[in-house]
Amino acid sequence: MSTASPAVLSQLTTWVELGALRSLDLALARFIAQQLPHSSELLLLSVALVSERNAHGHVCLDLTAALAAPKLLLSAVKNAPDGVSENQARDELSARLTNLSLSAWLAELSASGAVETRISSDTSDGDSKLGDTPLVLAGSAERPLLYLRRYWLYEQKIKAALNLRLAVHHSLPNAPTQRLLAALFPPVSATVAVPELATDWQKVACLLAARSHFAIITGGPGTGKTTTVVKLLALLQGLRLTNQEAPLQIHLAAPTGKAAARLSESIAGSVAQLPLPSDLAEPLRNSIPKEVTTLHRLLGSLPNTRHFRHHATNPLPTDLVVVDEASMMDVEMMAQLVDALPGHARLILLGDKDQLASVEAGSILGDLCQTADVAHYTPTTQDWITQLSNESLSDEFIDPKGSALQQATCMLRHSYRFSAHPGIGELAHQVNSGLATPASLTAIFDRQSHSLHNLRLPAASNQYFIDLAPLARLAVAGYQDYLTLAKRPPQLTSDPDANVAALNSWALAVFVAHNQFQLLTAVRQGTFGIDNLNQLIFKALQKKQLLPDGEPLWYSGRPLLVTRNDYSLKLMNGDIGICLYWPGVGLRVAFPDGEQGIRWVLPSRLQGVETVFAMTVHKSQGSEFTHTALVLPDYGNPVLTKELIYTGITRSKEKFTLIHSKDAVLQQALHSQVKRASGLTKVGEV
Ligand SMILES: Nc1ncnc2c1ncn2[C@@H]1O[C@H](COP(=O)(O)OP(=O)(O)OP(=O)(O)O)[C@@H](O)[C@H]1O
């Protein structure tokens with residue numbers, strides 16, 4: 001292609017105007033053009049595309065995939081319902097890439113002073129000759145990957161840290177391990193009736209993670225990840241105590257405050273119920289931490305920078321870090337975490353590999369768990385498991401060529417939560433399989449009608465729009481109980497202590513009622529976006545006299561989602577609060593404090609919050625509601641994927657409603673999979 005001219009930059013500018021590219025992507029291309037005036041058009045285009053891919057969660061630009069399907073690039077920045085703007089940009093990009101061969105693209109990138117070529121090599125073996133070009137071309141000759149250097153360095157750091165840890169095996173002494181395992185996993189006669197429990201995967205996970213310096217325990221909702229990790233910690237601390245060694249310094253963390261609070265609650269419950277050998281019970285219970293912190297707090301976030309207090313030269317004072325909800329961890333956070341871990345510290349990731357990945361670039365858990373379904377344990381691993389636990393693994397899980405990562409990964413396969421509500425489990429499983437169709441889902445909805453419901457939105461009378469009235473009715477039915485309670489504050493007396501207690505227990509009851517229902521949506525903008533749905537539901541609730549008249553910003557009953565961590569108020573991104581009226585005093589916002597108490601905040605002190613009658617599926621990660629309703633838009637959108645639908649379904653504890661109007665859109669979502677480009681696939685392979 002020709003030397004850089006304004007042509008490509010003006011085309012990129014048009015794409016920004018069309019909403020297909022961010023200003024940032026254009027700015028980066030302009031910056032490179034200024035720094036390297038002889039940059040070719042193709043190089044500048046590539047820069048903008050890598051940056052655009054990062055915005056959509058990809059760590060890099062997969063050149064082969066880009067040439068094979070150029071129309072999958074330039075996903076909308078704005079959700080244009082008619083899709084016109086995005087399509088124009090995509091058509092123009094396709095035209096530019098049509099006659100380009102992979103070898104020509106590679107040659108032009110490699111010849112540029114902006115790109116360092118590292119195809120089929122990485123620095124995880126300690127190569128220190130790093131360049132300083134803004135871009136790095138890595139991956140393999142068949143699948144070259146173009147990175148912004150920052151992201152490539154993150155991946156290198158992660159690969160190096162995980163490979164080092166995967167090379168370490170802790171030896172577990174036979175007799176003490178068997179004694180502790182026997183106590184932690186007492187025989188349960190009923191389990192033999194459940195076919196997938198022919199193997200106790202929780203026990204296998206416990207053993208594999210106990211010997212590994214890096215391990216992953218993955219599984220769907222309610223498969224016992226928390227239960228298992230608590231038993232794992234008991235096993236590890238039990239072995240230390242038996243050996244008269246000091247207990248391990250353990251830290252528990254999660255990517256969001258909400259997830260950390262939930263894990264704290266369930267860890268405390270699990271530790272209390274742990275079956276333990278009587279001679280070790282008390283010290284063992286005390287040696288397991290119950291407090292879970294956010295990763296930002298653990299690493300010590302420094303105001304106004306991306307850096308943390310803890311890093312390679314000031315590592316965390318820890319022997320073991322457990323990260324829950326690891327599917328929400330992005331590549332930058334993972335790199336910062338492994339950087340801050342001292343070499344002797346173990347790392348354990350917990351999470352559901354099938355959930356939506358983080359909003360930021362990277363899908364660490366998904367990448368590392370690509371083969372978790374089939375396991376690939378070597379015969380040596382199998383023999384070791386059987387020797388210590390008597391658990392046998394069926395042949396389908398055995399592979400003599402299994403990698404080190406595969407020996408350190410365990411997938412839990414039975415949901416204890418959904419045994420009482422099999423419909424949700426069945427639907428989630430079907431969606432996850434990638435084989436679901438609108439018809440196959442309908443069959444499940446019909447069969448499991450007590451827990452599953454499909455609400456079809458009809459066309460409005462003018463035929464051009466969709467009638468949202470049934471959605472509004474469902475939301476009113478879902479929210480009316482908590483709003484009715486919110487309208488009934490306790491009578492306040494002259495006793496301030498009694499008043500606080502009464503207000504707190506009222507707010508707790510409002511939260512219990514609020515947790516009964518949540519409407520989830522796939523998109524942020526347009527008719528099915530947050531603002532429009534919030535407005536629609538607000539008006540429907542006003543009509544029922546459940547909310548005050550007018551257009552107040554603050555009102556009793558307003559449900560709020562915290563969208564930014566606020567450490568001074570101890571509020572975390574993802575926390576949910578409800579605005580309530582203290583009789584004779586005024587409005588205050590209640591937040592559960594995670595310990596069955598309430599923290600009250602003046603509305604004027606809240607900065608990053610939004611109304612949450614409707615919540616995006618992304619924001620709902622780490623939360624659960626008795627009844628969840630997921631609404632899909634009536635137009636296709638790249639965010640609609642099976643992972644999104646799976647995540648929406650699995651937020652439900654007892655009941656799930658799918659709201660949609662067009663089977664074609666549902667079909668598109670069921671067959672689209674989040675495939676994020678990354679180079680994090682060869683971890684643990686020799
Ligand atoms: N082996 C088991 N036998 C019986 N009940 C179990 C077993 N393992 C877990 N449970 C129960 O199943 C429920 C879910 O367990 P747990 O919270 O550990 O799962 P999880 O995978 O961490 O869930 P989440 O989806 O919240 O991450 C809990 O009530 C727990 O007590």
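Atoms considered below: every heavy atom in the structure, side chains included; atoms not considered: hydrogens, waters and symmetry mates. When a residue number appears, it is its place in the shown sequence, counting from 1. Counting starts at 1 for both ligands and their atoms, following the listed order. Everything numeric in this text was worked out from a predicted model, so none of it was measured.
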- line: Near Pro221 (heavy-atom distance under 4.0 Å), the atoms of ligand 1 are 25 (O)

message: Has Lys642 got a side-chain atom pairing as donor or acceptor with Asn432's backbone, closer than 3.5 angstrom?
response: yes

- prompt: Does an N or O from Ser266, backbone or side chain, lie closer than 3.5 Å to an N or O of ligand 1?
  reply: no

query: ligand 1 and Lys225, any nitrogen or oxygen pair closer than 3.5 angstrom?
result: yes

Under 3.5 Å: donor-acceptor pair, side chain of Tyr479, backbone of Phe613: yes

statement: Of Thr227, Thr223, Thr218, the residue with the heavy atom nearest atom 15 (O) of ligand 1 is Thr227

message: Is it true that, when you exclude Arg447 itself, more than 12 heavy atoms of the residues, nucleotides or ligands shown sit nearer than 6.0 Å to its CZ?
response: yes

query: Can the ring centres of Phe625 and His514 be said to be less than 6.0 Å apart?
result: no

query: Looking only at distance, does Gln273 have an N or O less than 3.5 Å from an N or O of ligand 1?
result: no

message: Under 4.0 Å, counting heavy atoms only: does Gly219 come that close to any atom of ligand 1?
response: no

Listed once per pair and sorted, the side chain to side chain donor-acceptor pair (under 3.5 Å) pairs that draw on residues 218-231, sequence neighbours left out: none

query: So with a 6.0 Å cut-off around NE2 of His618, is the heavy-atom count from everything else above 12?
result: yes

- prompt: Which is closest to atom 23 (O) of ligand 1 by heavy-atom distance: Ala259, Gly222, Ser270?
  reply: Gly222

